[in-house]
Amino acid sequence: MKPGLLFDFIINKENLTVTVRKEFAAPQKLVWDTFTKAELLDQWWAPKPYLSSTKSMEFKKGGRRFYAMVSPEGQEHYAVQDYTSVTPISNFKYFDAFADKDQNINPADPGSEWNLNFSEKNGVTTVDILIQCKTLEDMEATIKMGFKEGFTAGLENLDQYIATQISFVL
């Protein structure tokens, strides 16, 4: 993570939430695009050595992103993001869950609700992410499978991607 920029990752078991607050030294539009365009998401979403591969994406209310996390051996682990609300450049919400290759949500995975807010001040964009889990058991299973480490690694990939875009513009 870039020194001097905020990064908070807070797990609240009482409220069944994970709150991530991350600052980026970049314009809000650029950061928004990295979260909402398939070709940019695939640049950073997966923790290395995994890759993100978006199979289809329709970024709008009622739309869906269907993607796979691809292991170094080529094994694909599928997930969906069903968009429930989109307010351009400032907020979007989605339901996130594991799925099979046919986009059927895994019935054993209750999924989680994500709410992402974007704001910019003095050239620094803040992304506030609130993830709501359904039960404590679901939350603990997600934590145990390494969500914090994996998502943090993905955000580090995003820092690197944004740095290349900012230096490219300069």
Side-chain angles (χ1 to χ4, degrees), residues 7 9-13 15-22 24 30-118 127-162:
F7 176 64
F9 195 106
I10 302 164
I11 297 169
N12 185 325
K13 291 184 179 183
N15 293 330
L16 306 176
T17 58
V18 175
T19 303
V20 180
R21 175 175 261 194
K22 175 79 176 85
F24 298 94
L30 172 60
V31 178
W32 172 265
D33 286 350
T34 64
F35 278 85
T36 62
K37 293 184 176 181
E39 65 275 13
L40 301 182
L41 271 164
D42 285 344
Q43 298 291 314
W44 67 271
W45 186 255
K48 293 174 184 160
Y50 282 76
L51 299 174
S52 174
S53 175
T54 298
K55 306 300 183 183
S56 62
M57 183 171 171
E58 188 175 16
F59 183 71
K60 67 175 191 174
K61 182 179 179 179
R64 169 179 274 190
R65 176 182 182 222
F66 173 54
Y67 69 99
M69 297 288 233
V70 184
S71 74
E73 300 78 31
Q75 185 177 16
E76 295 185 324
H77 303 275
Y78 300 100
V80 296
Q81 295 171 339
D82 288 331
Y83 300 108
T84 56
S85 174
V86 174
T87 304
I89 317 232
S90 64
N91 173 270
F92 70 94
K93 299 175 185 178
Y94 63 86
F95 172 74
D96 179 81
F98 292 113
D100 65 19
K101 65 180 177 57
D102 298 316
Q103 300 188 47
N104 299 308
I105 294 173
N106 181 343
D109 176 19
S112 55
E113 299 287 343
W114 289 54
N115 183 354
L116 293 85
N117 287 290
F118 298 74
V127 181
D128 288 298
I129 304 170
L130 178 66
I131 304 164
Q132 181 70 56
C133 299
K134 292 186 179 173
T135 68
L136 181 59
E137 294 77 23
D138 298 338
M139 174 180 255
E140 288 177 339
T142 299
I143 293 166
K144 186 176 181 179
M145 90 175 171
F147 174 74
K148 180 177 182 179
E149 296 79 7
F151 196 57
T152 299
L155 290 172
E156 289 171 354
N157 294 340
L158 180 53
D159 272 334
Q160 293 169 8
Y161 174 80
I162 286 174

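This chain uses plain numbering: 1 for the first residue, then up along the sequence.
Contact annotation: the side chain of Val31 approaches that of Phe118 to within less than 4.5 Å [non-hydrogen atoms, C-beta and beyond]. By the 4.5 Å heavy-atom criterion applied to side chains, Val70 and Gln75 are not counted as neighbours. In this structure the side chain of Phe92 never reaches within 4.5 angstrom of the side chain of Asn117, judged on heavy atoms.
At distances below 3.5 Å, not a single donor-acceptor pair connects side-chain atoms of Thr87 with backbone N or O atoms of Ser90. A donor-acceptor pair is defined here as one N or O able to donate and one able to accept, closer than 3.5 Å; no such pair exists between the side chain of Arg65 and the backbone of Tyr83. Asp42 places a side-chain N or O within donor-acceptor distance of the main-chain N or O of Thr54, the cut-off being under 3.5 Å. Of the possible donor and acceptor atoms, none in the side chain of Asp128 sits under 3.5 Å from a partner among the backbone N and O of Val20. A donor-acceptor contact shorter than 3.5 Å is absent between the side chain of Asp102 and the backbone of Asn104.
Trp114 and Ser112 share a side-chain donor-acceptor pair at under 3.5 Å. Between the side chains of Asn12 and Thr17, not a single donor N or O lies within less than 3.5 Å of an accepting N or O. Side chain to side chain, Asn91 and Asn115 meet the donor-acceptor criterion of an N or O pair below 3.5 Å.
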ask   = Would Phe147 and Ile131 satisfy side chain to side chain contact (heavy atoms under 4.5 Å, CB included), going step by step from the backbone distance to the final call?
value = CA-CA 12 Å; Phe147 174 74; Ile131 304 164; 3.7 Å; yes

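Ring geometry for Phe9 against Phe7 counts as tilted: the plane angle lies between 30° and 60°, on a 0 to 90° scale.
Separation of the Tyr161 and Trp45 ring centroids does not fall under the 6.0 Å cut-off.
A salt bridge links Lys37 with Asp33; the closest basic N to acidic carboxylate O contact falls under 4.0 Å. In this structure, Glu58 pairs ionically with Lys60, as a charged nitrogen and a carboxylate oxygen lie closer than 4.0 Å.
Counting heavy atoms of neighbouring residues, nucleotides and ligands inside a 6.0 Å radius, atom CZ of Arg21 does not exceed 12 of them. Surrounding NZ of Lys55 are more than 12 heavy atoms belonging to other residues, nucleotides or ligands, all under 6.0 Å away.
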